[in-house]
2 protein chains.
Amino acid sequence: MIAENINTHISAIDDKHKVAISVDSVIMGYDEESLKVLLIECNTPPYEGKYSLLGELVNPNETLDEAVQRVLQYWTGRESLYLEEVKTFSSVNRHPLGRVITVAYYSLVEIKKFTFDETHQKNLKWIDVNKVKDLAFDHDMIFQECLEKLRQSLREKPIGFNLLPKKFSLNQLQNLYEVVLGLELDKRNFRRKINSLNLLIDLNETQQDVAHRPAKLFSFDYEHYSKQRRQGFKFEI
Amino acid sequence: MIAENINTHISAIDDKHKVAISVDSVIMGYDEESLKVLLIECNTPPYEGKYSLLGELVNPNETLDEAVQRVLQYWTGRESLYLEEVKTFSSVNRHPLGRVITVAYYSLVEIKKFTFDETHQKNLKWIDVNKVKDLAFDHDMIFQECLEKLRQSLREKPIGFNLLPKKFSLNQLQNLYEVVLGLELDKRNFRRKINSLNLLIDLNETQQDVAHRPAKLFSFDYEHYSKQRRQGFKFEI
DNA sequence: ACAAAAGTGTTGATAATACACCCATGT
DNA sequence: ACATGGGTGTATTATCAACACTTTTGT
């Protein structure tokens with residue numbers, strides 16, 4: 001049943017044990033109204049016309065993280081600030097070409113910096129995460145798992161900043177949480193909590209050209225956060 | 001750079017994209033004194049004499065979870081009650097045989113039921129997780145990530161029961177948390193919290209043959225837990 | 001002066017923590 | 001009767017949740 005244990009009895013690897021491995025990347029961005037995912041239209045049967053996640057076979061000389069960044073770079077000209085591995089999908093018949101095991105990642109990007117060239121990449125589209133359905137392959141399942149994982153991580157780790165511009169207001173931040181998690185937060189309580197975490201740098205700047213009282217702008221204090229994290233940092237929203 | 005996108009331009013998969021994929025399983029058990037991991041001694045260079053995790057190449061016709069259960073079944077004659085995928089390790093040169101991408105799992109077992117036959121499996125050993133070091137391959141790293149993930153999950157999900165016998169006392173449960181998480185808990189507060197979760201069934205039984213007041217025995221209420229989980233259940237220790 | 005979003009404190013309820021003694025059994 | 005671990009309640013503190021009005025800017 002176990003012919004040769006890969007870890008203890010090291011011999012050659014039979015070709016029948018070699019399979020294709022891909023990464024599928026749930027690239028998400030936030031545009032003040034909703035959380036969106038970047039999808040691509042398939043153009044070959046059996047999934048012609050359907051949307052799918054951006055995925056790619058892993059090359060022999062790269063790690064999975066590198067493959068994910070390569071896909072992002074290729075399609076959008078930029079890499080992601082934040083990547084998280086979510087889950088491996090390994091059903092035997094999940095891909096029509098034969099066995100392809102895929103590792104799902106989600107990545108967070110600043111959506112405004114990810115404008116793509118409509119002529120070359122006209123089959124790319126940002127779609128509201130609440131309207132995603134009927135994707136190619138098993139991508140509905142992969143997408144839902146990644147979305148769920150993002151929501152989970154957003155509550156436990158200060159990663160929301162990767163979806164916002166470098167300078168943002170407290171109301172923008174609160175809005176992000178409300179939109180992504182689908183809940184309403186009390187403004188005063190939210191500010192008290194954020195404040196107590198000491199993760200923001202007050203830029204002493206305000207919004208420009210808004211038809212109301214301009215908001216103060218902040219940025220995320222990555223340095224202070226990594227210090228705190230080393231000392232065991234707890235976060236919860 | 002991206003010759004043919006696996007998801008949109010479906011053609012054949014080139015052999016150069018096929019690699020070996022394995023699972024490595026951090027099998028953990030608890031024996032009232034410490035948390036232990038099941039390791040196996042390697043008998044081939046370059047790792048001869050070192051211990052490694054139990055791992056195995058994934059077969060063409062099975063999922064990763066199935067591969068993990070197959071390994072467990074083979075070495076111990078039983079499957080695991082609880083499995084969790086942790087992380088994929090994909091450094092290009094992590095395995096001397098060539099490229100092997102591995103997916104790490106941890107699994108929880110009732111250690112008393114996993115006694116193995118010392119003649120056939122004499123190179124298997126339970127080792128205290130705090131004494132693990134110098135494993136073969138990149139297994140130190142894999143092990144530490146899995147241990148950390150277990151500790152995390154133990155605080156968030158009621159999975160500790162998988163490490164205990166079906167009938168257990170509240171002190172045993174508390175001890176498990178203390179040993180695995182490395183902290184001290186207040187007995188009265190611990191009991192109040194566990195009680196408020198309504199996850200235990202009072203068996204109206206007591207310990208036998210102990211030289212002190214016998215403890216009441218409980219079992220974990222899987223059914224009630226899965227109901228609660230569907231309604232969004234929060235847990236924290 | 002008005003519209004529109006920014007900003008700000010207090011109170012009551014709930015949950016977390018700290019702490020010390022009596023109880024049941026076997027020897 | 002003694003040794004061993006099992007079992008129980010209360011008071012204090014910290015955290016969370018609910019709630020409404022004033023401020024600043026552009027038009």
Side-chain angles (χ1 to χ4, degrees), chain A residues 30-33 154-156 158 164-165 167-179 181-219 228 232-237, chain B residues 30-34 154-156 158 160 164-165 167-179 181-219 228 232-237:
Chain A
Y30 166 75
D31 66 357
E32 310 267 310
E33 278 176 20
L154 193 67
R155 287 175 165 276
E156 295 168 354
L164 291 175
K167 302 177 177 187
F168 53 86
S169 72
L170 294 175
N171 284 320
Q172 276 179 296
L173 184 61
Q174 180 178 342
N175 233 293
L176 166 67
Y177 278 93
E178 292 182 334
V179 166
L181 300 177
L183 40 80
E184 286 201 358
L185 298 169
D186 180 88
K187 203 201 280 195
R188 285 172 283 195
N189 294 340
F190 179 80
R191 283 164 187 240
R192 189 180 308 116
K193 181 169 276 174
I194 291 295
N195 230 299
S196 72
L197 298 171
N198 277 100
L199 288 174
L200 297 188
I201 299 167
D202 184 340
L203 296 171
N204 291 312
E205 289 178 54
T206 53
Q207 288 178 321
Q208 301 298 321
D209 303 317
V210 285
H212 52 79
R213 175 171 175 180
K216 293 191 70 170
L217 295 176
F218 297 84
S219 68
Q228 279 185 73
F233 170 67
K234 223 186 123 194
F235 178 86
E236 164 109 30
I237 285 197
Chain B
Y30 167 77
D31 67 356
E32 311 266 311
E33 279 177 19
S34 64
L154 194 65
R155 287 175 164 276
E156 295 169 354
L164 293 175
K167 301 177 178 187
F168 53 85
S169 72
L170 293 175
N171 283 321
Q172 276 179 296
L173 184 61
Q174 180 178 341
N175 233 293
L176 166 66
Y177 278 94
E178 292 183 333
V179 166
L181 300 176
L183 40 80
E184 286 200 359
L185 298 169
D186 180 88
K187 203 201 282 195
R188 282 171 286 193
N189 295 339
F190 179 80
R191 283 165 187 240
R192 190 180 307 120
K193 180 169 275 174
I194 292 293
N195 230 300
S196 72
L197 298 172
N198 277 101
L199 288 175
L200 297 188
I201 298 167
D202 183 340
L203 296 171
N204 291 310
E205 289 179 53
T206 54
Q207 288 178 320
Q208 301 297 320
D209 304 316
V210 285
H212 51 80
R213 174 172 174 178
K216 292 192 70 171
L217 296 176
F218 296 83
S219 68
Q228 280 185 72
F233 170 67
K234 223 184 124 194
F235 178 86
E236 164 109 30
I237 284 198

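Naming: A, B, ... by sequence-line order, numbering from 1 per chain.
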Atom NE2 of B:H212 and atom P of C:dT25 are separated, to the nearest Å, by 12 Å
Note to self: Is there a side-chain contact between A:N171 and the phosphate of C:dA6, meaning an N or O under 4.0 Å from OP1 or OP2?
What the structure shows: yes
note: A:E236, atom CD; C:dA15, atom P; distance rounded to Å ~ 15 Å
- Indicate yes or no: does A:K234 engage B:E236 in a salt bridge with an N to O separation below 4.0 Å. yes
Under 4.0 angstrom, heavy atoms only, what part of the nucleic acid is B:D186 near: base, sugar-phosphate, or nothing?
base
The residue, A:D209 or B:A211, whose nearest nucleotide of DNA chain D is more 5′ is B:A211
Original post:
Is any NZ, NE, NH1 or NH2 atom of the basic residue among A:K167 and A:E205 found under 4.0 Å from an Asp or Glu carboxylate oxygen of the other?
Top reply: yes
Whole-Å distance, A:F190 CZ to C:dG9 P, equals 18 Å
Between the base of D:dG7 and the side chain of B:K216, is there a donor and acceptor pair under 3.5 angstrom?
no
To the nearest angstrom, the CD-C1' distance between B:Q208 and C:dT25 comes to 11 Å
Whether the side chain of A:R192 and the base of C:dT10 hold a donor-acceptor pair under 3.5 Å is what I'd like checked. yes
When rounded to whole Å, the CG to P distance for the pair A:N175 and C:dG7 reads 13 Å
query = Quick one: the side chain of A:R188 and the base of D:dA17, do they pair up donor-acceptor inside 3.5 Å?
reply = no
| query | Are the side chains of A:F190 and A:L173 in touch, meaning some heavy atoms are under 4.5 Å apart? | reply | yes
note: B:L170, atom CG; D:dG5, atom P; distance rounded to Å ~ 17 Å
Whether the side chain of A:E178 engages the backbone of A:L185 through a donor-acceptor N/O pair (distance < 3.5 Å, no angle test) should be reported. yes
Atom CD of B:Q207 and atom P of C:dG26 are separated, to the nearest Å, by 11 Å
- [ ] Tell me, yes or no, whether the heavy-atom count around A:E32 atom CD, taken from other residues, nucleotides or ligands under 6.0 Å, exceeds 12.
- [x] yes
Between CD of B:Q172 and C1' of D:dG5 the distance, given in whole Å, is 13 Å
Judged by nearest nucleotide, the residue sitting upstream toward the 5' end of DNA chain D, A:R213 or A:K187, is A:K187
